[in-house]
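The block underneath contains the structure these notes are about, expressed in structure tokens.
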Amino acid sequence: MPLSVTYDEPADRRPERLVTHDVGKAEWTLEVDPNYGGSRTYPDRLRYEESARETYRIRTDDPLSASAVSEWTIRLHRADDHGNGWDADIVVRTELRATAADFVMDSRVAARTNGETVAQRAWHRTTPRTSG
């Protein structure tokens, strides 16, 4: 018999895809909410929460203005009847863009427990654009 897992609808449900055009900036933006399963609670009170957003942006007059940003948060937590429990989450963000000479990636990851950052890392990478 399968476990009775409770799936929750997000309170601030975003559209799966949202395209906007800022005429003043001549900028197009695509925001994607992949919603890969969302939040759920298991019978043992383990709670899994997931939030993701991908943002793609470009100005009409500048191909090198293109960027892609991916932001994810995954949280696991459990409480018990005695006020004890634990709470852990991971937050990641990566941005990709290009210059005339390079592809550029900036990333960071942070791991937290009970709201306190216990590990974090950030890195910057460039890859030369060698074709064309």
Side-chain angles (χ1 to χ4, degrees):
M1 171 179 259
L3 297 175
S4 60
V5 177
T6 306
Y7 293 88
D8 301 327
E9 287 294 323
D12 63 339
R13 183 116 179 131
R14 300 182 303 240
E16 187 175 335
R17 289 179 183 80
L18 177 63
V19 177
T20 57
H21 181 217
D22 184 324
V23 177
K25 290 182 182 177
E27 182 177 77
W28 288 91
T29 304
L30 167 63
E31 292 183 63
V32 179
D33 179 357
N35 192 22
Y36 289 125
S39 301
R40 52 195 162 274
T41 305
Y42 293 91
D44 63 354
R45 292 190 251 181
L46 173 65
R47 176 123 174 104
Y48 173 90
E49 297 174 3
E50 179 179 299
S51 172
R53 179 177 294 186
E54 298 166 0
T55 306
Y56 306 91
R57 191 171 268 122
I58 190 166
R59 285 191 316 273
T60 18
D61 60 346
D62 183 7
L64 292 178
S65 70
S67 68
V69 176
S70 178
E71 300 171 292
W72 288 71
T73 301
I74 295 177
R75 179 180 179 213
L76 292 169
H77 60 103
R78 180 182 301 158
D80 66 15
D81 294 332
H82 309 290
N84 300 317
W86 53 270
D87 188 346
D89 63 346
I90 297 172
V91 180
V92 296
R93 182 183 194 279
T94 295
E95 179 177 358
L96 302 172
R97 62 190 182 285
T99 67
D102 298 303
F103 294 105
V104 181
M105 179 186 76
D106 288 299
S107 296
R108 67 177 186 248
V109 61
R112 301 183 300 209
T113 183
N114 298 318
E116 178 185 342
T117 300
V118 294
Q120 61 185 345
R121 180 176 175 208
W123 58 99
H124 173 85
R125 301 273 193 275
T126 59
T127 303
R129 294 177 66 165
T130 58
S131 64

### Task
Test V104 against E95 for side chain to side chain contact (heavy atoms under 4.5 Å, CB included), laying out the working first.
CA-CA 8 Å; V104 181; E95 179 177 358; over 6 Å; no
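- For the pair W86 and L76, the tightest heavy-atom approach, listed with the atom from each and the gap, is CZ3-O, 3.3 Å.
- Here the closest heavy-atom approach between residue A52 and residue D33 is recorded as O-OD1, 3.5 Å.
- Remark: D106 does not engage R93 in a salt bridge, criterion side-chain N to carboxylate O under 4.0 Å.
- Here the side chains of S65 and R57 are not in contact, with every heavy-atom distance at 4.5 Å or above.
- T29 has its side chain out of reach of D22: every pair of non-hydrogen atoms, C-beta onward, lies at least 4.5 Å apart.
- Scanning for side-chain contact (heavy atoms from CB on, under 4.5 Å) contacts around R129 gives L64, A98, F103, with sequence neighbours left out.
- Listed by chain and residue number, R75 satisfy the salt bridge (Lys or Arg N to Asp or Glu O under 4.0 Å) test with D87 (two or more places apart in sequence, or in another chain).
- With values rounded to the nearest 0.5 angstrom, H21 atom NE2 is found 9.0 Å from E27 atom CD.
- Looking at residues two or more places apart in sequence or on another chain, you find a side-chain hydrogen bond (donor to acceptor under 3.5 Å, both in side chains) between R112 and D89.
- A continuous path of ILVMFWY side-chain contacts below 4.5 Å connects W72 to W123, so both sit in one hydrophobic cluster.
- In terms of the salt bridge (Lys or Arg N to Asp or Glu O under 4.0 Å) criterion, D102 has no residue partners (sequence neighbours excluded).
- Every residue meeting the side-chain hydrogen bond (donor to acceptor under 3.5 Å, both in side chains) condition with D62, not counting sequence neighbours, appears here in chain and number order: R59.
- Note that OG1 of T55 and CD of E31 are 5.0 Å apart. Values are rounded to the nearest 0.5 Å.
- H77 contributes atom NE2, which lies 7.0 Å from atom OG1 of T41 (distance to the nearest 0.5 angstrom).
- Of all the heavy atoms in S39 and R47, the pair that sits closest is CB-NH2, 3.5 Å.
- The CZ atom of R78 lies 5.0 Å from the CG atom of L46; values are rounded to the nearest 0.5 Å.
- Crowding of E71 atom CD: a count of heavy atoms from other residues, nucleotides or ligands under 6.0 Å exceeding 12.
- Atom CD of E54 and atom OG1 of T94 lie 10.5 Å apart (nearest 0.5 Å).
- Under the 4.5 angstrom side-chain criterion for Ile, Leu, Val, Met, Phe, Trp and Tyr, the cluster partners of I58 are V19, W28, L30, V32, Y56.
- The structure places CZ of R53 at 11.5 Å from OG of S70, a figure rounded to the nearest 0.5 Å.
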